Amino acid sequence: MNVGIKIEHAVKKYGNFTAIPDLSLDIRSGEFFTLLGPSGCGKTTLLRMIAGFNSIEGGDFYFGDRRINDLDPAKRNIGMVFQNYAIFPHLTVRKNVEFGLKNRKLPKDEIHSKADKFMELMKISEYAGRLPEKLSGGQQQRVALARALAIEPDVLLMDEPLSNLDAKLRVEMRTVIKDIQNRLGITTVYVTHDQEEAMAVSDRIAVMSEGVIQQIGTPKALYQRPVNRFVATFIGRSNVMPAKIYVDGNEKGISFDEGYRQPMDNLIDVTDGQNVIVSVRPEELLIRTDGNGMKAKVVYSTFLGLNTHYMVEFGDGVRAEIIQESQIDDIIENGSMINLVVNPEKINVFTEDGRKSVVK
Amino acid sequence: MEKKKSFNFWVIASLVVLALYLLFMVYPLVKLVSRSVVDADSGGFSMRYFKQFFSTPYYSGTMINSFKVAIAVSVTSTLIGIPLAYLYNMYKVRGRKALQMLIILSSMSAPFLGAYAWIMLLGRSGVITKFFEAAFGVTIPSIYGFKGIVLALTMKMYPMVFLYVSGALKTMDNSLMEASANMGCDGLKRVFKVVLPLCMPSILAAVLMVFMRSMADFGTPLMIGEGYSTFPVLIYNSYVGEVGTNQNFAAAISVIAILLTMMFFLLQKAVSSRYRFSMSTMRHNIEKKQARLLPSMLIHIFSYGVVAVSLLPQAYLVYLSFRKTGVGGVVFMPGYSLESYQEVFRKMGNVIWNTLRICGTSLVLIIVLAILIAYLVVRRRNAVNGIIDALSMVPYVIPGSVVGIALIISFNNRYIPLVGTAAIMVVSMCIRRIPYTIRSSVAILGQIPITIDEAAESLGAGRIKTLCTITVPMMLSGIFSGAIMSWVTLITELSSSILLYSYKTQTLNVAIYSAVSKGTDGRACALSTILMIFTVVSLLLFNKFSKDGEIMM
């Protein structure tokens with residue numbers, strides 16, 4: 001059975017400190033939903049409130065239509081995967097997987113066959129008789145996942161499940177997780193601080209900062225149309241540059257200090273002369289040789305095969321990063337002066353305080 | 001509904017534990033304090049016993065004596081224990097495991113037995129004394145008094161320093177040693193600049209233990225002190241003294257003793273709070289070096305020499321136990337026999353059974369209560385459990401003889417007539433040992449991540465089920481090794497048992513003590529050999545079951 005999760009006006013307090021002031025969220029049934037944010041943003045706190053390990057100081061939590069605020073964690077029918085796996089070290093892999101099934105008082109053969117099924121699914125059947133200390137990190141993570149899934153929970157919760165693995169395993173395991181979730185179609189809430197991981201696995205992502213959800217959206221929406229400066233810089237990389245709005249008859253656009261003006265047709269709620277900040281992805285800063293655009297000096301370059309990165313410096317000392325597909329020609333020499341323009345469709349413009357986007 | 005039930009279980013558990021502490025610890029202490037300020041004759045409030053204590057040099061002198069002994073033993077034990085630990089952990093030593101076992105073994109008998117054995121060796125008619133007199137006409141300086149106490153206690157206490165400092169050295173990061181050498185600080189300089197400061201928390205903890213135990217030790221000064229009277233002896237004498245018992249005076253001295261140990265305890269806490277740091281978790285263990293031939297020989301001579309000296313007395317007692325004795329086991333005669341053992345089993349067979357049942361019951365109670373209390377304190381923090389946590393530390397500062405006096409004063413009445421029963425022995429043993437078991441259980445539990453509990457819970461296990469099927473089994477190996485140490489301390493307990501025992505509840509250690517004081521040396525030696533066998537078997541069991549040979553005192 002699959003359920004959606006609805007959270008209305010959740011409040012979390014630790015003594016006098018309010019970790020989550022007022023948070024509402026709607027997670028669809030069967031969705032892979034990720035809470036993403038820097039450490040201390042409240043994402044794990046929120047996950048643990050859903051799991052029932054943290055007290056709830058205000059608001060309502062629903063699984064489907066059922067209010068779960070006062071329900072014991074044991075009764076919520078959730079599968080949880082912990083950052084440190086939390087595998088029971090004194091039980092074999094099979095006993096770990098069977099632990100939840102035994103608590104449901106299922107018949108013996110059913111426990112056995114279900115454990116088999118999920119160990120098979122996670123490809124750990126061959127380790128069934130081993131103690132966890134004999135397993136590698138990736139294998140332990142698979143045990144943790146099999147154990148969580150074996151009880152056929154309504155909701156799967158994962159708290160930074162990959163952060164203890166090395167980079168290569170991390171990429172491998174996230175594919176496994178995504179694949180399993182796709183196959184079982186289970187509502188999943190995933191917590192991570194790694195934006196690339198979040199983009200790779202999620203249907204939708206909620207970006208959190210200081211206990212407040214900044215934006216909820218698909219990975220594509222977050223990357224291309226962040227609603228504020230925080231999201232723009234947290235998801236992917238962005239060059240943040242000061243600029244001014246100009247309104248010239250019917251034409252609106254942004255003008256940079258360098259005298260470079262870029263018309264834009266998707267600006268809203270702007271006035272002539274308004275200070276704004278422009279966020280430009282490194283790949284949207286384009287090098288021009290026709291003399292147009294902002295002047296900048298190449299400080300250094302890094303050749304990374306597919307792409308070449310340039311660090312450039314503008315006249316006012318502000319630095320920006322450019323990523324260009326590597327060319328067969330020579331890499332631009334350090335110290336060279338170049339001209340840069342931006343791709344008007346893909347850049348984002350925020351109010352001066354960075355809180356609000358002025359792009360449609 | 002379900003939730004409410006499990007909620008109640010923990011509340012009841014907290015309240016039961018609290019009630020036990022109130023009845024068996026707080027109430028006796030309150031009773032003790034109130035007795036100390038009541039005039040035994042008039043029944044009115046009076047500070048006369050405190051005045052008597054401080055105005056009579058004979059009494060107040062015991063306080064100074066106790067301090068002198070405790071300080072001297074702390075110094076000598078660290079002087080032996082720290083170098084031993086350093087050499088043992090830094091260099092390759094042959095027979096490491098055996099050496100460690102022997103070091104531990106030498107700490108594992110009751111201190112008074114050491115004193116007794118030293119008398120047999122170096123006393124007025126000791127075998128070494130006589131040998132020197134006969135062979136060289138040299139008189140060995142007297143072993144009695146301050147020197148003897150310090151010698152006997154040091155030989156029992158240095159292993160504690162060794163174990164604490166070894167523990168610290170084992171977790172020390174080898175990179176720190178290499179970094180230090182890299183920056184030109186090597187050898188002895190490094191020991192003082194890097195190694196010792198890093199071991200400081202453990203050294204301070206060890207010194208605290210040594211100080212408190214030497215301060216509270218009662219058997220050694222009684223045996224070898226010969227007029228060099230210390231605090232616990234005074235407490236004992238004023239309770240069972242020849243001049244008639246004076247419980248109120250004993251109570252007053254007890255109160256002073258508690259205040260003094262408490263002061264030292266707080267002082268140690270204050271000092272050690274300055275030395276708090278944690279090692280990086282990404283550490284490389286120290287690799288033991290092979291010393292060159294001559295230094296290596298010196299290392300071996302020192303390590304095994306210390307152990308030999310500290311085990312010599314015990315070995316001698318074993319030897320004596322097989323000697324022929326005169327009528328009633330009073331004097332040793334030439335030749336060998338099993339007489340002493342036959343005597344012991346014929347007349348005192350029940351003391352072995354007493355030891356097993358009293359210490360066994362205490363051990364089970366201690367383990368169950370300690371796990372429960374550790375769980376309450378670590379996993380279920382609230383106001384009541386905070387009080388329990390604080391109360392659980394109190395017995396640290398109560399010397400054994402004070403526990404004995406307080407229990408006698410409190411439970412010698414119509415309502416709870418415990419004096420003379422096995423129950424009161426069990427209570428005193430629990431009170432004396434439980435803080436150590438609680439601390440180690442708390443440490444073990446603290447290392448189990450809370451997510452393990454949460455995982456069990458999210459998989460549908462209730463809290464009690466989680467505790468029984470997950471938490472306790474995970475704690476078990478640690479608890480087991482702690483339990484064996486507790487067992488050894490329990491069977492060698494003397495200072496409170498000597499006050500609380502009755503004819504029916506005499507334990508091995510008490511029996512040895514009375515055999516010694518009756519002059520039946522043969523029996524005493526046989527009994528102490530039996531006790532030693534118990535200890536050795538326990539230690540071997542420990543070695544078999546503990547994963548890493550770590551020992552928690």
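Only a predicted model underlies this, so the values are computations on that prediction, with no experimental measurement involved. Note on naming: letters A, B, ... go to the chains in the order of the sequence lines (proteins, then strands), and numbering restarts at 1 for each one.
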Student: Does atom CZ of Arg381(B) have more than 12 heavy-atom neighbours, drawn from other residues, nucleotides or ligands, at distances under 6.0 Å?
Tutor: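 Yes, CZ of Arg381(B) has more than 12 neighbouring heavy atoms, counting only those of other groups under 6.0 Å.
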Student: Could you tell me the separation between the CZ atom of Phe99(A) and the OG1 atom of Thr466(B), rounded to the nearest 0.5 Å?
Tutor: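 Here the rounded value is 5.5 Å.
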Student: Quick check on Asp166(A): does its CG atom have over 12 non-hydrogen neighbours (other residues, nucleotides or ligands) under 6.0 Å away?
Tutor: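 Check passes, neighbour count above 12.
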Student: Considering all heavy atoms of both residues, which atom of Ala74(A) and which atom of Ala461(B) are nearest to each other, and what is their separation?
Tutor: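 Closest heavy-atom pair between Ala74(A) and Ala461(B): CB-O, 4.1 Å.
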Student: Is there a side-chain contact between Thr451(B) and Phe53(A) (heavy atoms, below 4.5 Å)?
Tutor: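 Counting from C-beta outward, Thr451(B) and Phe53(A) never come under 4.5 Å.
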Student: Does atom NZ of Lys95(A) have more than 12 heavy-atom neighbours, drawn from other residues, nucleotides or ligands, at distances under 6.0 Å?
Tutor: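 No, NZ of Lys95(A) has 12 or fewer neighbouring heavy atoms, counting only those of other groups under 6.0 Å.
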Student: Evaluate whether atom NZ of Lys6(A) has more than 12 neighbouring non-hydrogen atoms of other residues, nucleotides or ligands under 6.0 angstrom away.
Tutor: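 Open.
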Student: Is it the case that atom CD in Glu120(A) sees more than 12 heavy atoms from other parts of the structure closer than 6.0 Å?
Tutor: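 Open.
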Student: Counting only heavy atoms closer than 4.5 Å, note whether Thr469(B) contacts chain A via side chain, backbone, both or neither.
Tutor: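 Contact with chain A involves both backbone and side-chain atoms of Thr469(B).
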Student: Is the shortest side-chain heavy-atom distance between Glu454(B) and Pro73(A) below 4.5 Å?
Tutor: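 Answer no - side chains too far apart.
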Student: For the residue pair Ile452(B) and Phe88(A), what are the closest heavy atoms and their distance?
Tutor: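 Nearest heavy atoms, Ile452(B) then Phe88(A): O-CE2, 3.4 Å.
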Student: Using non-hydrogen atoms and a 4.5 Å limit, figure out which bit of Leu101(A) sits close to chain B: side chain, backbone, both or neither.
Tutor: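 Neither part.
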Student: Minimum heavy-atom separation for Asn103(A) to Leu459(B), with atom names?
Tutor: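 Between these two residues, the closest heavy atoms are ND2-O, 3.2 Å.
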Student: Which answer fits Arg48(A), side chain, backbone, both or neither, if we ask what part of it has an atom under 4.5 Å from a heavy atom of chain B?
Tutor: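 It is the side chain, since no backbone atom gets that close.
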Student: Heavy atoms only: give me the nearest Ser458(B)-Ile151(A) pair and the separation to one decimal.
Tutor: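 Minimum heavy-atom contact is O-CD1, 3.9 Å.
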Student: If you count heavy-atom pairs under 4.5 Å with chain A, which of Pro449(B), Ala456(B), Gly462(B) comes out on top?
Tutor: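 With the most close heavy-atom pairs to chain A, the winner is Ala456(B).
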Student: Relative to chain B, which of Met80(A), Arg76(A), Arg147(A) shows the most heavy atom pairs under 4.5 Å?
Tutor: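 Maximum pair count with chain B is reached by Arg147(A).
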Student: Picking from Leu157(A), Ile78(A), Val81(A), Asp159(A), which has the most non-hydrogen pairs under 4.5 angstrom with chain B?
Tutor: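 So the answer, after comparing Leu157(A), Ile78(A), Val81(A), Asp159(A), is Ile78(A).
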Student: State the CE-NE2 distance between Met475(B) and His90(A), to the nearest 0.5 angstrom.
Tutor: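 Taking CE in Met475(B) and NE2 in His90(A), the distance rounds to 12.5 Å.
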Student: Would the number of heavy atoms belonging to other residues, nucleotides or ligands and lying under 6.0 Å from NZ of Lys288(B) be above 12?
Tutor: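 Correct, the count exceeds 12.
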